[in-house]
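In what follows, chains are A, B, ... by sequence order, proteins preceding strands, each numbered from 1. What's counted below: heavy atoms across the whole structure, side chains too, no hydrogens, waters or symmetry copies.
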Protein chains: 2
Amino acid sequence: MDPRRTPGQRAGLSREQVLAAARDSLLERGLSGLTMRAVAQRLGVAPNALYSHVPDKAALVEDLLDDALGAVPDPPADADWRTGLRDLMARTHAVLLDSPDLVPLYLGRGARGPNARRLGAGVLDLLARGGVTGPEAQEALRALIVYTIGFAAFEVQPGPEDADPGERSAGLSGTFDRGLGWLLAGIGG
Amino acid sequence: MDPRRTPGQRAGLSREQVLAAARDSLLERGLSGLTMRAVAQRLGVAPNALYSHVPDKAALVEDLLDDALGAVPDPPADADWRTGLRDLMARTHAVLLDSPDLVPLYLGRGARGPNARRLGAGVLDLLARGGVTGPEAQEALRALIVYTIGFAAFEVQPGPEDADPGERSAGLSGTFDRGLGWLLAGIGG
DNA sequence: ACCTGAACACCGTTCAAGT
DNA sequence: ACCTGAACACCGTTCAAGT
């Protein structure tokens, strides 16, 4: 793209820079604006230059998804298991809302990266502290994930243009916590 | 596409035929194979011919989403509200699994068509029978929707290739019902 | 190994013209 | 009103070539 570089010269790109440019693209142009060509343009390179650092677009998006989950902290080791779960899922929910455009993708392709596994392990650990183990713990984990991501996806939708988005989001956040409470009460037995 | 028709002649297309062709495309080629051009080719018309029957691709997909929900029956009027809800959500869940490729889209853009509204009204009616009304009913409705669609989305994901898909799906169906039970128990109070 | 240039095989959508 | 032909402005990805 930049006419100053001829075929032999390199731009000094790194995988991290590619991911960062992808995040910026997503933030400024939304999901439909996240294209290989846009990311390349932002970096001042030819579109196909990205393929030296990322296998393809799917892999790039997958990294974006897992990286976003890195912002969710581990639960404190001494917390009550129930409040620990409530807190962990609420924080996950908040992090998801920070990247609204990514949310629908979590349920579409799932997150299987290291951060997703770390979070899953954290949930299972808290459940075990509450005496929930084995298959029931797996079921509870799935229900909590589904509810948290699903709710965020619901929240992030355009929605009918009746109320202003701020007020609407505020009402929904309260709902998230309440439904989560229902779920946790049920899991407890 | 068909060389037998020249610019003046018409193919006798209807909106219904376009939607049906889109469903076939989705079934045979998956979501990535659902393109305006593929639908047109299936109907033997030029790609832009579709725009006489559908505003754009987004509208077409929206109709596909709501139409699929038409397969969910209304709950019987005399059922106990709790088992009625359990049944209605389970049927919705089953219908969602019948169109796996559409599932991620329900959370991405939401369903706001007549069938989606009918289902929502059905849920609210059952909740009212259980004494759950007002804002709490809205919260319960949202939790049930989120859980049902979210779970289906989770189920439909490719997943790691460890077990065969049949066995995996069977285990997950049981989990759906259990988490739903937790939720309903919580909603009951 | 990393990058450019050019190309391939696609997309959704629009516009003008024909009946 | 409904359709075709042609085009526009895009996509992701591959391939050959340059250093």
key: Nucleic acid contacts of residues 17-29 of chain B, taken as heavy-atom distances under 4.0 Å to DNA chain C   = none
request  = Please list, chain by chain and in numerical order, all residues satisfying side chain to side chain contact (heavy atoms under 4.5 Å, CB included) with B:R129, sequence neighbours excluded.
outcome  = B:W81, B:D125, B:L126
query = Which sits closer to the 5' end of DNA chain D, A:A38 or B:A11, going by the nucleotide each is nearest to?
reply = B:A11
query = Is the side chain of B:R109 donor-acceptor paired with the backbone N or O of A:Q157 at a distance under 3.5 Å, no angle test?
reply = no
task = Determine which pairs satisfy salt bridge (charged side-chain N to carboxylate O under 4.0 Å, His left out) with at least one residue from residues 93-107 of chain B, sequence neighbours left out, and list them in order.
result = none
key: First encountered from the 5' end of DNA chain C, between B:D56 and A:R37   = A:R37
Heavy-atom closest contact (B:A140 atom, A:W182 atom, distance) = CA-CZ3, 3.6 Å
query = CG of A:L50 versus C1' of D:dC11: gap in Å, rounded?
reply = 14 Å
ask   = Looking at C:dT13, C:dC3, D:dT13, which one has an atom nearest to any side-chain atom of A:L13?
value = C:dC3
key: Results of side chain to side chain contact (heavy atoms under 4.5 Å, CB included) for A:N115 - residues two or more places apart only   = A:D66, A:L69, A:R118
ask   = Please, what dot-bracket string fits DNA chain D when only Watson-Crick and G-U pairs with both distances under 3.5 Å count, crossing ones use [ ] and pairs to another strand use |?
value = ||.|||||...|||||.||
side-chain N/O B:R5 vs D:dC3 OP1/OP2, d < 4.0 Å = no
task = Could you list the residues that satisfy ring-ring contact (aromatic ring centres under 6.0 Å, His included) with B:Y147, not counting sequence neighbours?
result = B:F151, B:F176
ask   = A:L43 CG to C:dC3 P: how many Å, rounded?
value = 10 Å
ask   = Does C:dC11 have OP1 or OP2 sitting under 4.0 Å from an N or O in the side chain of B:T35?
value = yes
query = In whole angstroms, how far is the P atom of D:dT4 from the CD atom of B:Q41?
reply = 13 Å
request  = Using the side-chain contact (heavy atoms from CB on, under 4.5 Å) rule, pick out the option among A:T175, A:L97, A:L96 that qualifies with A:E155.
outcome  = A:L97
query = Are any side-chain N or O atoms of A:R5 and backbone N or O atoms of A:G44, one a donor and one an acceptor, separated by less than 3.5 Å?
reply = yes
Sub-3.5 Å pairs of nitrogen or oxygen atoms, protein against nucleotides 16-19 of chain C:
from: C:dG18; atom 1: N2; to: B:P7; atom 2: O; distance (Å): 3.1
from: C:dG18; atom 1: N3; to: B:P7; atom 2: O; distance (Å): 3.2

message = What contact category does A:A49 fall into here, base, sugar-phosphate, or nothing, at under 4.0 angstrom with non-hydrogen atoms?
response = base
query = Got a sec, which residues hit side chain to side chain contact (heavy atoms under 4.5 Å, CB included) with B:D80, two or more places apart in sequence or on another chain?
reply = B:R82, B:T83
task = Any salt bridge (charged side-chain N to carboxylate O under 4.0 Å, His left out) involving residues 46-59 of chain B? Give me the pairs, sequence neighbours left out, ordered by first then second residue.
result = none
query = Distance from B:L180 atom CG to B:M89 atom CE, nearest 0.5 Å?
reply = 7.0 Å
Partner set under side chain to side chain contact (heavy atoms under 4.5 Å, CB included) for A:S14, not counting sequence neighbours = A:E16, A:Q17
request  = With sequence neighbours excluded, give me every salt bridge (charged side-chain N to carboxylate O under 4.0 Å, His left out) pair touching residues 22-34 of chain A.
outcome  = A:R23-A:D67, A:E28-A:R42
A:L144 CG to A:L88 CG distance, which is reported to the nearest 0.5 Å = 9.0 Å
key: Members of residues 57-67 of chain B that approach DNA chain C, where some heavy atom sits under 4.0 Å away   = B:K57
Euclidean distance, atom OH of residue B:Y51 to atom P of D:dT4 [Å, nearest integer] = 14 Å
request  = With heavy atoms under 4.0 Å as the rule, sort A:S52 into base, sugar-phosphate or nothing.
outcome  = base
query = Taking OP1 and OP2 of C:dA1, is either one under 4.0 Å from a side-chain nitrogen or oxygen of A:H53?
reply = no
inquiry  = Just the rounded figure in Å: distance from P of D:dA1 to CZ of B:R15.
reply    = 16 Å
